[in-house]
Amino acid sequence: MRLLVFDPGESTGWAFYNTEIADLSGGTVRLHNAYGEFRLLFDGLMPDTVVYERFALYPGAAKAMSWNTFIPCEMIGVIKYLCNENGIEDVSDQPAGQRKYISATEMDNAWQMLNDIRKTKTRHTRDALMHLVYYCRQNEIPAPWK
């Protein structure tokens with residue numbers, strides 16, 4: 001199984017895990033070239049499953065977000081479009097608060113594994129990795145970072 005996970009926003013973090021060969025990678029896509037970089041990820045990694053953080057406007061944040069263009073929603077739209085275009089039916093969204101269910105040890109092990117593989121990461125990459133760790137645990141997918 002090849003899992004591609006996104007944390008959408010102005011800087012969209014991504015994490016990829018190929019369960020067959022225990023390959024883990026990740027990075028960050030910048031807004032100015034999001035579609036092109038997303039296309040390269042989909043074409044190069046050929047995911048079977050795509051997971052992304054769900055965007056929700058919470059009532060307490062509504063007033064502060066007046067006039068916001070909701071870039072995370074735009075990024076989710078691009079992700080859904082590319083899934084549809086590539087025939088990827090297994091698309092899942094996850095709530096933002098899932099990080100509280102991940103142990104520090106589990107996350108540190110996954111982050112260290114990613115550090116050993118790719119040197120250019122941001123906190124958005126780490127957030128995408130959290131979604132990946134959570135998805136694997138919830139779906140009982142074997143992971144080398146446990």
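Basis for what follows: all heavy atoms, side chains included, without hydrogens, waters or symmetry-related copies.
M1 approaches I141 most closely through the heavy-atom pair SD-CD1, 3.8 Å. The shortest non-hydrogen separation linking P47 to I88 is O-CD1, 3.4 Å. In plain terms, the two heavy atoms of W14 and V29 that are nearest each other are CD1-CG2, 3.8 Å. A128 approaches A15 most closely through the heavy-atom pair CB-N, 3.8 Å.
The side-chain heavy atoms of L129 and L24, taken from C-beta on, include a pair separated by under 4.5 Å. When side chains are defined from C-beta on, T19 does not count as touching P142, because their heavy atoms never get closer than 4.5 Å. Between L132 and L3 the shortest side-chain heavy-atom distance falls below 4.5 Å.
With rounding to the nearest 0.5 Å, the separation of OG1 in T125 from CE in M130 is 11.0 Å. One distance of note links CD1 of I79 with CG of L41; it measures 10.0 Å at 0.5 Å rounding.
N139 is linked by a side chain to side chain donor-acceptor pair (under 3.5 Å) to nothing, counting only residues two or more places apart in sequence or in another chain. In this structure, the side chain to side chain contact (heavy atoms under 4.5 Å, CB included) partners of V51, at least two apart in sequence or on a different chain, are V5, T49, S92, Q94, Y135. Checked against side chain to side chain contact (heavy atoms under 4.5 Å, CB included), S11 has the following partners two or more places apart in sequence or in another chain: T28, R30, H124. For N18, there are no side chain to side chain donor-acceptor pair (under 3.5 Å) partners two or more places apart in sequence or in a different chain. F42 pairs by the ring pair (Phe, Tyr, Trp, His ring centres under 6.0 Å) definition with nothing, not counting sequence neighbours.
In this structure, F6 has its ring center closer than 6.0 angstrom to the ring center of F38.
The list of salt bridge (Lys or Arg N to Asp or Glu O under 4.0 Å) pairs with a residue in residues 31-40, not counting sequence neighbours, reads R39-D43, R39-E85.
Just one residue in the list K80, M75, H131 forms a side chain to side chain contact (heavy atoms under 4.5 Å, CB included) with Y52, and that residue is K80.
Hydrophobic clustering, with ILVMFWY side chains joined whenever heavy atoms are under 4.5 angstrom apart, keeps L40 apart from Y35.
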